[in-house]
Structure formats: C-alpha cells, structure tokens
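Note sheet for the following structure.
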Amino acid sequence: MLQLQAIRESKNEFITALKKRNIDAEPLLNKAIALDDKRRETQTKLDSTLAESNSLSKEIGILFKTGKAQEANVLKEKTGILKEESKVLNDALTTVTEELQSLLYQIPNIPHASVPAGNTDEDNEEIFSEGDIPKLVTNALPHWELAKKYDIIDFELGVKVTGAGFPVYKGKGARLQRALISYFLDKNTEAGYTEMQVPHLVNEASGFGTGQLPDKEGQMYHVGEDDLYLIPTAEVPVTNLFRGEILKEEQFPLCYTAYTPCFRREAGSYGAHVRGLNRLHQFDKVEIVRVEHPSNSFKALEGMVEHVKTILRELKLPYRVLRLCGGDLGFTSVLTYDFEVFSTAQDRWLEISSVSNFEAYQSNRLKLRFKDKDGKRKFAHTLNGSSLALPRVLAGILENYQVEDGIEIPEVLIPYCGFSKID
RNA sequence: GGAGAAAUGGCAGAGUGGUCGAAUGCGGCAGUCUUGAAAACUGUUGAGGGUCACACCUCCGGGGGUUCGAAUCCCUCUUUCUCCGCCA
C-alpha cells in the first residue's frame with residue numbers, strides 16, 4: 001500500500017511511473033488525497049468534540065464530589081448533545097477511513113525507473129543468460145513422457161487421490177525432489193539465510209499483510225470452516241512473521257529461507273502449456289525473504305539475483321534472467337527479475353524463480369517498521385525470491401539431462417540423491 | 001470436545017467507576033562518579049492521529065453496550081493457561 005505522504009509529495013512522478021503498468025492513476029491518486037483531506041477534517045472535528053466532552057465530564061465529577069448535583073445535571077445535558085455529535089462524526093470517520101483504505105488497496109506499487117513499459121511477457125527485457133543448451137538425443141521426450149517412462153511421477157494417481165495438478169512423485173522421483181529441497185536450503189543457509197519452518201495455512205490478516213488479499217482471493221484455497229488460507233508461497237507466512245514489528249536499525253538485514261509446499265487454484269489456466277509439471281495446484285518451493293534498510297534494498301535485490309545464479313550455474317542448467325515490464329510486474333512489486341530455465345524437449349523457457357523488491361509497499365500493510373538513528377519510525381523494505389521452485393527445475397533436469405538409456409543427475413545433487421542416474 | 005482461570009507498556013506486575021496513558025521492578029537510553037568497566041545514584045523511556053511546533057484526540061486482547069465519565073461494570077468473539085477426554 002502506498003503512503004499518503006508519498007502520494008502527496010510525488011503525485012506526478014507516480015502517475016508517470018504507473019503508466020508503465022498501463023494505468024491512468026491520476027483520478028485514483030486525486031481521490032486518495034481528497035479522501036485523506038476529508039478524513040483529517042472529520043478527525044479534527046471529532047477530536048475537538050471529544051475534548052469538550054472530556055473536560056465537561058471532569059467538571060461533572062468535581063461538582064458531584066462537592067455536592068453541587070444541580071449544576072452537574074445541567075452539564076450532563078450538554079454532554080448528551082456532544083455525545084450525539086461525536087457519534088455522527090465517528091461514523092463518518094469510519095466510513096471515510098474505510099473508503100480510503102480500500103482505494104489504497106487498489107493502487108499497485110510504483111515501478112522502478114529501470115522497469116520497461118509494456119503489456120505482456122513479450123515486453124520483458126532479457127538482461128542475462130548463461131549455460132549451453134544441450135544437444136539432445138533424437139526422439140528426446142518432454143518431462144511428462146520421461147516421468148511415465150521411468151515411473152517417477154504419476155499424474156493419474158494424483159487425479160485419483162485429489163484431482164488434476166496434484167502429482168504423486170514416486171521412488172527416485174520423490175528422492176530427487178527431497179534432494180533438491182535439501183540442496184536449495186543448504187545453499188541458502190550458506191549464503192546467510194536462516195532456515196525456518198512455518199505454517200502452511202495462514203489467517204486473513206496475513207493474506208492482507210503481503211497483498212494476496214483482498215485482490216487475489218480467488219487464487220488461494222480457503223478453508224471456510226476455520227477461515228484459513230492455504231499458502232500460495234512461503235513469502236506469506238515468512239514475511240508476516242514481522243507484521244507489526246518495530247525493528248532496531250542494527251537488526252538489518254533479516255534473511256530467512258523456508259521450504260513449503262505452495263497451493264494455487266490457478267483458476268482459468270488450461271492448455272498445452274500447463275501439461276505435466278508446468279503448472280500445478282500444489283508444488284514445492286524454497287523461498288528466500290529479506291527485510292532490509294531502505295538504503296540497501298536494491299543492493300540486496302542484486303545480491304539475491306547473484307545468489308540464484310550460482311545455484312543454476314551449479315546445476316548446469318541453461319537459464320536467462322528477465323527484467324519484468326510494467327504490464328507483467330506483480331501488483332506489490334517495484335522491480336522483479338524472473339529466472340527462466342530452458343526446457344529443451346519442449347523448446348521453451350520455464351519460469352523457475354521470481355525475485356522482487358517491494359520497498360515499503362508490503363511494510364506499510366504489515367506495519368513493519370524500524371527506528372532510525374534519530375528515533376524516528378520508518379517502514380522497512382521487504383524482498384523475496386524463489387530459490388527455487390521445484391517442478392520446473394525438475395522438468396528442466398529431466399529434459400536436459402536425458403540420455404539414451406536414462407536421466408543423469410546433476411553432479412551437485414548426487415550426494416543428496418544417493419544415485420547418479422534414473423533408468 | 002468438556003470444565004475452570006486469565007489477557008495491562010520491551011518484559012514482569014499493580015490497578016475493580018472520576019486528573020490512570022496507567023504504580024513498582026527489570027530491561028533500554030542519557031548523565032554523575034571512575035584511568036576504564038562494574039556497582040551506586042540522577043534523569044529519561046509505549047503506539048497511532050493531529051500541529052510549523054504546542055494544544056488536543058484515540059489505544060489497557062478484538063468488537064459491541066451501560067454511564068456525564070470505563071483498564072475497572074455488562075455482552076460477545078479470539079487467544080493463552082490448568083484439569084479431563086481424544087490423538088501423530
């Protein structure tokens with residue numbers, strides 16, 4: 001959520017920047033300022049009404065104590081009127097505050113200067129690529145065929161137990177999954193991230209804190225009976241660990257990593273691009289989350305990008321890094337880098353990581369602040385990234401490492417798997 | 001799931017209708033003393049709104065109510081603890 005003060009100070013810059021998201025923000029921002037003016041005005045009126053009422057109450061107390069009941073009763077009538085007034089004003093304040101709040105929820109974050117304008121993923125900007133695209137054997141198979149051939153992932157079993165998009169990993173497939181999780185967590189730990197195990201269900205307040213609610217309600221599974229949401233990413237529980245906190249400056253940076261399954265309804269997705277592991281309702285992901293001093297958040301973002309690169313380099317997967325354009329940028333993000341691995345057998349790029357800086361947008365919702373040297377409270381910056389999402393990494397490995405008589409295991413994973421080939 | 005108890009500032013813990021935004025202790029910060037540190041002593045120390053700055057307003061788990069006036073009384077929800085039951 002944007003800060004009112006920032007909107008007031010930088011309205012024109014915000015309007016220009018939000019054009020990159022193809023949004024005409026001018027009416028929204030003007031309305032926000034107008035509502036805030038109204039809110040302040042109402043608040044001031046209410047305050048002075050309450051102040052008058054408070055001082056009268058004190059007088060009444062004194063009058064009763066000194067036995068002047070008659071005079072007290074005269075004042076009581078006055079406070080009665082003030083009470084009516086303050087009730088009306090209080091209702092008006094509630095209304096305008098809620099209106100302002102829901103308006104602010106509708107305004108996305110301001111894209112960074114480096115974010116290219118654009119509408120779709122076609123307009124994303126490739127900024128880096130690495131790794132050779134392997135020459136595969138003739139009759140190379142896509143991962144869903146390989147999964148069947150070597151009996152390591154069973155999509156039909158998942159359909160039987162739950163439904164489409166809930167695969168069952170079997171034997172070496174399951175072991176490879178577990179190996180990847182351990183490997184990612186170890187790499188993140190090495191890089192200074194503290195491993196956490198967090199709940200896989202969150203309450204409504206957490207959904208609001210990181211921005212999944214109110215907009216993306218339909219993307220999360222909701223347990224109505226207990227009013228809880230299945231997490232779509234570890235970002236939600238991990239970032240919300242710090243909801244409402246006031247940090248000390250010397251606590252920065254806070255760096256955490258967590259493995260969780262992720263649950264996404266993916267309403268409306270269909271077609272060839274969602275075959276196999278390409279798009280699932282439940283998948284595994286290892287996430288990294290940072291809470292940073294505002295002066296360091298972009299440096300931290302670059303550091304996260306470099307960190308993810310080292311992992312892909314070790315896995316020897318061909319990948320590229322994209323800077324997302326305004327139209328593709330997530331609602332709460334200022335700047336996002338997507339990592340894509342090349343799926344040779346499908347002849348397409350698969351997104352495997354998304355690394356973002358949210359600046360103060362989430363912090364404002366979370367009320368995640370720190371005290372600076374002058375003792376002033378300011379919003380911290382939050383960042384997160386996948387390091388990494390499992391299914392498409394797995395797809396990339398299966399497809400790119402396939403040989404005539406099986407699938408080889410990337411060298412760094414062999415100690416984790418306990419085998420070097422799937423056959 | 002049943003029965004009971006509780007929820008107060010960073011923490012501990014007073015406060016049961018009227019200068020209570022809240023005693024006291026610990027912790028934090030600043031200072032005195034000291035070569036330095038510790039100890040001791042003195043001062044200071046919650047959050048939000050509002051203001052140029054004050055004033056002022058709101059907040060004692062959340063919401064609602066009674067009252068001129070609520071941390072304090074009533075209703076309700078949530079959470080925690082104890083006991084019983086069930087259970088990986």
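Treat the numbers as computed from the prediction; the structure is a model and nothing was measured.
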Atom P, compared across rG31(B) and rA37(B): separation rounded to whole Å: 11 Å

Touch class at under 4.0 angstrom, heavy-atom based, for K367(A) against every strand present: nothing

G-U wobble or Watson-Crick pairing nucleotide for rC73(B) (cut-off 3.5 Å, both distances): rG65(B)

D284(A)/Y259(A) under side-chain hydrogen bond (donor to acceptor under 3.5 Å, both in side chains): CA gap, chis, key distance, verdict: CA-CA 7 Å; D284(A) 295 302; Y259(A) 153 70; 2.7 Å; yes

Over 12 foreign heavy atoms within 6.0 Å of CD, E249(A): yes

Under 3.5 Å side-chain donor-acceptor pair for T97(A) and T94(A): no

Chi angles and distances behind the side-chain hydrogen bond (donor to acceptor under 3.5 Å, both in side chains) call for Y183(A), E314(A): CA-CA 11 Å; Y183(A) 166 66; E314(A) 278 194 5; 2.7 Å; yes

Pairwise 5' ranking along RNA chain B for R377(A) and K248(A), keeping only the more 5' one: K248(A)

For atom NZ of K376(A) and atom P of rG48(B), their distance in whole Å: 12 Å

C1'-based separation of rU82(B) from rA71(B) [nearest Å]: 25 Å

More than 12 heavy atoms from other groups under 6.0 Å of NZ on K216(A): yes

Nearest-Å distance for atom pair CD1/C1', residues I62(A) and rG17(B): 16 Å

Side-chain N or O of R39(A) closer than 4.0 Å to phosphate OP1/OP2 of rG50(B): yes

Ring geometry between Y105(A) and F208(A) (parallel below 30°, tilted from 30 to 60°, perpendicular above 60°): tilted

Separation of the P atoms in rC60(B) and rG65(B), to the nearest angstrom: 15 Å

K371(A) NZ to rU45(B) P, straight-line distance once rounded to whole Å: 11 Å

Base-pairing assignment for rU82(B) (Watson-Crick or G-U wobble, both under 3.5 Å): rA3(B)

For atom CZ of F370(A) and atom P of rA47(B), their distance in whole Å: 15 Å

Mutual orientation of the aromatic rings belonging to F298(A) and H112(A) [parallel < 30°, tilted 30-60°, perpendicular > 60°]: tilted

Gap between atoms CG and P, on L366(A) and rA47(B) respectively (whole Å): 19 Å

For rU42(B), the Watson-Crick or wobble counterpart (both distances under 3.5 Å): rA30(B)

P-based separation of rU45(B) from rG50(B) [nearest Å]: 23 Å

Nearest-angstrom distance, C1' atom, rC75(B) to rG1(B): 25 Å

Watson-Crick or G-U counterpart of rA22(B), or none if no pair lies under 3.5 Å: none

Distance-only side-chain donor-acceptor flag, N278(A) / R275(A), under 3.5 Å: no

Atom-to-atom span, CG of D37(A) to C1' of rG50(B) - whole angstrom: 14 Å

Rounded distance in Å between the C1' positions of rG10(B) and rA47(B): 13 Å

Atom-to-atom span, CD of Q251(A) to P of rG28(B) - whole angstrom: 15 Å

Nearest-Å distance for atom pair CG/C1', residues L4(A) and rG49(B): 12 Å

Whole-angstrom distance between rG18(B) and rA70(B), as gauged at atom C1': 10 Å

rG49(B) OP1/OP2 closer than 4.0 Å to side-chain N/O of R40(A): no

Annotated protein contacts, base or backbone, on nucleotides 57-75 of chain B with a non-hydrogen cut-off under 4.0 Å, one of B, S, - each: SS--------BBS------

C1' atoms of rG28(B) and rC20(B), separation to the nearest Å: 24 Å

Side chain to side chain donor-acceptor pair (under 3.5 Å) partners of residues 379-403 of chain A, not counting sequence neighbours, each pair once: H143(A)-E399(A), N188(A)-S387(A), E235(A)-N384(A), S297(A)-H381(A), S343(A)-E399(A), T344(A)-N400(A), Q346(A)-E399(A), Q362(A)-T382(A)

